[in-house]
Number of protein chains: 2
Amino acid sequence: MKTLQLTSSDRAILVRSRFFARLPHSTVEAILVGATLSSHEEHDVLFRQGDRIDDVFFVLSGLVRLYRLGKEGREADIAVFTKGEMFAENAMFLGHRVTASAEAAEASIILRLDSRKLRQLAAADPEVAQAIIEHLCHRGKMTEDLLAEDRLLTAPQRVASYILSHCPNGSTSFSFRLPFQKNVLAGKLGLAPEALSRAFSTLRQSGVTVKGRMIEIRDRQALERF
Amino acid sequence: MKTLQLTSSDRAILVRSRFFARLPHSTVEAILVGATLSSHEEHDVLFRQGDRIDDVFFVLSGLVRLYRLGKEGREADIAVFTKGEMFAENAMFLGHRVTASAEAAEASIILRLDSRKLRQLAAADPEVAQAIIEHLCHRGKMTEDLLAEDRLLTAPQRVASYILSHCPNGSTSFSFRLPFQKNVLAGKLGLAPEALSRAFSTLRQSGVTVKGRMIEIRDRQALERF
DNA sequence: CGGACTATTGAAGGATATCAAACCGCGTGG
DNA sequence: CCACGCGGTTTGATATCCTTCAATAGTCCG
């Protein structure tokens with residue numbers, strides 16, 4: 001972990017992000033007062049389940065995995081955050097305690113905002129409150145999506161659903177690059193890495209080709225039917 | 001479905017509820033303007049996944065199941081709401097579309113609030129915004145809990161966890177009455193009814209006795225170890 | 001007492017985890 | 001340049017857990 005300076009490209013990521021985009025520049029600046037920047041290597045732990053934290057986190061680059069701990073070192077991923085996403089804002093309203101752990105899933109640069117300041121701003125400025133509300137709704141929907149997919153779909157179906165969520169609607173054939181290691185994808189989908197691998201090979205017969213991180217889809221319809 | 005009048009005991013439930021309790025009476029009254037009350041029988045559908053709705057729902061009595069639909073009529077419960085709980089507040093900030101269906105899981109009395117009005121109030125009154133934020137954080141945590149339990153625990157462990165969440169901390173032996181049918185509990189825990197039944201019988205050897213809706217626990221520690 | 005719904009139990013099959021081994025891509029150092 | 005080693009990935013074999021279907025047992029309420 002190393003402390004850094006906020007660059008102008010960092011600011012560009014901030015103001016384009018879902019959360020900050022809707023806020024005027026002056027408000028963004030107010031939120032940024034007292035923010036700290038740090039760089040982390042893969043597997044660096046940002047916080048642990050049960051910790052008291054007074055920050056809200058924002059990913060400037062890299063990847064962060066949010067997970068709960070189970071017996072015997074088991075871990076269950078709750079979410080994965082990439083560039084431009086904010087997390088651990090829950091803690092700010094739940095007694096500053098986090099109910100999950102977070103670690104960098106690859107080398108990452110993380111911005112830490114002062115959660116007390118943000119909460120004060122939210123109390124004073126309805127626009128900030130509104131932004132937080134919409135952010136929470138979005139996060140809630142993501143978690144519900146995961147839960148519903150876990151309960152309704154088999155492994156290949158979940159993978160198909162993930163692939164389709166990356167498909168520009170309208171195209172019948174397309175390809176894209178996985179934004180992270182298969183390992184991480186497996187965790188996000190609630191699968192063991194082996195199960196993800198097998199799911200991919202099941203989907204091969206529906207026109208999905210996997211080479212490294214590149215995914216290629218021949219027939220979108222076939223996937224949707226799966 | 002039948003339209004009703006808001007009674008004084010209904011008001012009592014409202015002002016004691018997690019969401020309304022923190023707000024001054026005048027604000028509560030403002031939110032209640034234009035609210036409508038309705039009574040539903042078991043299996044009445046309140047809304048369907050994808051519907052456009054302009055209400056926020058509040059359970060005055062009974063039980064509501066929130067669920068997503070899968071292929072071939074499968075359903076996955078996202079949450080179960082009892083007296084004093086509010087739901088579908090998400091839709092208000094996500095284009096007034098609901099991403100899940102809701103139905104009464106037993107005869108219920110439901111209050112419908114005007115979501116446009118509530119959103120306006122939130123924009124004008126930071127106290128209301130704050131209440132909504134905390135409500136969303138709480139809901140988000142509940143959903144995360146479910147997701148984590150699904151991924152980390154076996155059926156008997158999930159049931160044990162559910163039972164323990166009803167245990168007054170400190171006591172070693174206790175008993176309580178299930179707040180709803182086993183059917184509903186199974187859905188909430190993401191299990192088939194048969195699996196719940198088998199889980200209970202597995203837990204018998206850890207000192208759990210089930211008779212009808214009554215659950216009796218002989219040794220709390222034994223459950224925690226499970 | 002009968003009927004309908006709810007819950008339990010049994011048997012069989014399916015899906016995924018787990019363990020173990022082989023494979024691959026890639027950077028390193030000889 | 002090549003052998004080596006390492007981590008990530010794939011594949012195979014097996015075990016576990018849960019669902020599903022079917023049948024039986026309870027329970028509530030008329």
Starting at the 5' end of nucleotides 10-26 of chain D, put B wherever the base has a protein heavy atom under 4.0 Å, S where only the sugar-phosphate does, and a dash everywhere else.
SBBB----SSBB-----
Residue pairs meeting ring pair (Phe, Tyr, Trp, His ring centres under 6.0 Å), one or both in residues 50-74 of chain A, sequence neighbours left out, come to Phe20(A)-Phe58(A), Phe47(A)-Phe57(A), Phe57(A)-Phe87(A)
Name all residues meeting the side chain to side chain contact (heavy atoms under 4.5 Å, CB included) criterion together with Arg48(A); count only those two or more places apart in sequence or in a different chain, and write none if there are none.
Val45(A), Asp51(A), Ser101(A)
Contact list for residues 10-20 of chain A, test salt bridge (Lys or Arg N to Asp or Glu O under 4.0 Å), sequence neighbours left out:
Arg11(A)-Glu29(A)
Under the salt bridge (Lys or Arg N to Asp or Glu O under 4.0 Å) rule, what pairs show up with a residue in residues 154-166 of chain B, not counting sequence neighbours?
Asp150(B)-Arg158(B)
Please name all residues satisfying side chain to side chain donor-acceptor pair (under 3.5 Å) with [X], sequence neighbours left out, ordered by chain then number.
| X | value |
| --- | --- |
| Asp77(B) | Arg65(B) |
| Lys182(A) | none |
| Arg218(B) | none |

Identified side chain to side chain contact (heavy atoms under 4.5 Å, CB included) counterpart of Leu185(A) within the set Leu178(A), Val80(A), Val159(A):
Leu178(A)
Here the distance between atom C1' of dT27(D) and atom CD of Gln181(B), to the nearest Å, is 12 Å
In whole angstroms, the gap separating C1' of dG8(D) from CD of Glu106(A) amounts to 15 Å
Only distances under 3.5 Å count here; give the side-chain donor-acceptor pairs of residues 165-175 of chain B to other protein atoms, sequence neighbours excluded, each with its distance to 0.1 Å.
residue, atom, partner, partner atom, Å
Ser165(B), OG, Tyr162(B), O, 2.6
His166(B), NE2, Tyr162(B), OH, 3.3
Ser171(B), OG, Pro168(B), O, 2.8

Heavy-atom contacts under 4.0 Å between residues 63-70 of chain A and DNA chain D, which residues?
none
Of all nucleotides in DNA chain C that come within under 4.0 Å of a heavy atom of chain A, which is furthest toward the 5' end and which toward the 3' end?
dT16(C) to dC19(C)
Pairs of donor and acceptor atoms involving the side chains of residues 186-212 of chain A, under 3.5 Å and at least two apart or interchain, shall be tabulated with distances.
residue, atom, partner, partner atom, Å
Ser201(A), OG, Arg198(A), O, 3.1
Thr202(A), OG1, Arg198(A), O, 3.0

